[in-house]
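Shown next, in structure tokens, is the structure this report addresses.
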Amino acid sequence: MINDLLLYGALPYAATVVFLIVTIQRYRQRSFTYSSLSSQFLENQHHFWGSVPFHYGLLVVLAGHLLALLLPRAVLWWNAEPLRLYALEITGLAFALLALVGLVNIVVRRASVPKARVVTTTGDWVLNVLLGTQILSGIGVAIVHGWGSSWFSSSVSPWLWSLARLDPEVAWVAPLPWLVKVHIVNAWLLIGVFPFTRLVHVLVVPNPYLWRKTQVVLWNRPRTRSS
Amino acid sequence: MLRAVSILFLLAFPVPAVRPAQTVSEETTVYYERNCQSCHTIGGGRLAGPDLKGVSERRDRDWLLRFVVDPKGMIDGGDAYAQQLLADARGVYMPAVPGMSKELAGKLLDLIEAESKLEKSRFAGTQVSERPLTPRDIERGRDLFVGRVALTGGAPACLACHTTSSAAGLGGGRLGPDLTDVYARLEGRKALGAWLSSPPSPTMQPIFREQRLEGEEVLALIAYLKDEAEHAREREGVSPVLFLVSSAGFCALVLIAFDFAWRNRYRAVRRPLLHRG
């Protein structure tokens, strides 16, 4: 019971406070560190199969979680027809697998490409472990304890809303299976470490890139084969 | 004269009425409703657990307190009566009740004792209609289970967390147990009705506390689950492998789409530039 209170009643607030304070403090004092610190220029073939599946996979999965949080009734309505439920669940797992493919490529590339390895910090490896835990536990939950889109809406959303009301009702999540708990606790750890890592680039995504005019970059100095 | 003295005596020493609602706190009653009544009646016969009417006459209070606080410990500790209870429940342990303490157990025993003295306790059992179950009930129960017909209280459909042998396609959810034989496991209509009216499992409790099933919905679900138990086909087991394979296939298609969408990624501008460089 004490553990439940700590993990589902206290940890979320601790993670959120750290997230808010450090995010703001870092932006005020070291705003130029708000970057993904991309290593695409160092190697871009393997990078493509890491970065692209990882980002598209995570974006879709996160959108699904957000939808179940903000519109739980709508998700339950959609899932009332089993075929629609299956379509939603297959889509969710497919994009989670996509994120996993991306993360595996990211890790392999960071470990095997010398130029990429040089610019990889201990913090990056910690982040990769947390992201790996999150994606693998999420996939595990989807397979072992499906249909999460329905039970997230009815069991996890009310808990998250109780956190938002500053009246945490841990009884919603305390009886859930351990794999689900790993996924939940690890999510809060990720939120807690967010401002210390390159994840901060999420907050400064250059959205105008989506609609600005194409820019072609040309080199105008002689380059040698060896470079 | 004697009559007048008697009246005066009665007025001077009013005899308190034995009304459980007045002696037992509302909090204890609510706790009992949420945690005990789905498995026990008081004077209504056995459900998943024994009828609790007069339980304090069967065992002494200290024993009952110890059992309510830690049923599994008592059974595993070798207590003969506790093991008899386990055998009567066909090997199903009484679950540890959330938030249970010796003090709370004492209050619950007071409630049971007071209710046992009444001719008919309000906890004599859930009033699920005794009318015969029809094929229409089975159909409605199936629709409620799957979610095609929404539960009036707003609770999610059973399929979100449970499956049955007849759940088509990729089957039902896997958060809770398979309910194909739940009708037989709970030994029939009465206990299943009690369970559905006030689900006691810690996962279901918070959901159904405010979103209770209506009597007709309980009846329809009983009809469907009874039909499931009676006609349970040889379960092929809806394996999650099909789900995983479908998702992996979709994932592969998306990867192919990425490769196609960005097929000129290196070729159009940058690669010729690099070669020229």
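Just so it is clear, the structure is predicted and the values come from calculations on it, not from any experiment.
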**OP:** Tell me, for B:Ala157 versus chain A, whether the close heavy atoms (under 4.5 Å) come from the side chain, the backbone, both or neither.
**Re:** neither
Original post:
Between B:Tyr32 and B:Phe123, how do the two ring planes meet: parallel, tilted or perpendicular, split at 30° and 60°?
Top reply: tilted
Contacting moiety of [X], where chain B heavy atoms sit under 4.5 Å:
X        : result
A:Val141 : neither
A:Leu85  : side chain
A:Thr91  : both
A:Glu169 : neither
A:Ile143 : both

**OP:** Might you work through the ring-ring contact (aromatic ring centres under 6.0 Å, His included) test for A:Phe54 and A:Trp49, ending with a clear yes or no?
**Re:** CA-CA 8 Å; A:Phe54 175 76; A:Trp49 292 110; over 10 Å; no
Between chain B and each of [options], count heavy-atom pairs under 4.5 Å; write down the option with the most.
options                                : answer
A:Ser150, A:Gly92, A:Gly146            : A:Gly146
A:Val144, A:Ile139, A:Val180, A:Val101 : A:Val144
A:Ala171, A:Ser155, A:Pro82, A:Ser153  : A:Pro82

Within 45 degrees of the axis of the six-membered ring of [Y] and under 6.0 Å from its centre: does [X] put its NZ or CZ there?
X        : Y        : result
B:Arg212 : B:Phe208 : no
A:Arg84  : A:Trp77  : yes
B:Arg263 : B:Phe260 : yes

**OP:** Determine, step by step, whether A:Tyr56 and B:Phe258 satisfy the ring-ring contact (aromatic ring centres under 6.0 Å, His included) criterion, reporting the C-alpha distance in whole Å, the side-chain angles of both residues, the deciding distance to 0.1 Å, and the verdict.
**Re:** CA-CA 10 Å; A:Tyr56 279 95; B:Phe258 284 161; 5.2 Å; yes
Original post:
Between A:Asn105 and A:His46, does any side-chain donor sit less than 3.5 Å from a side-chain acceptor?
Top reply: yes
Original post:
Based on non-hydrogen pairs under 4.5 Å, which of B:Gly154, B:Ala248, B:Ala252 is most in contact with chain A?
Top reply: B:Gly154
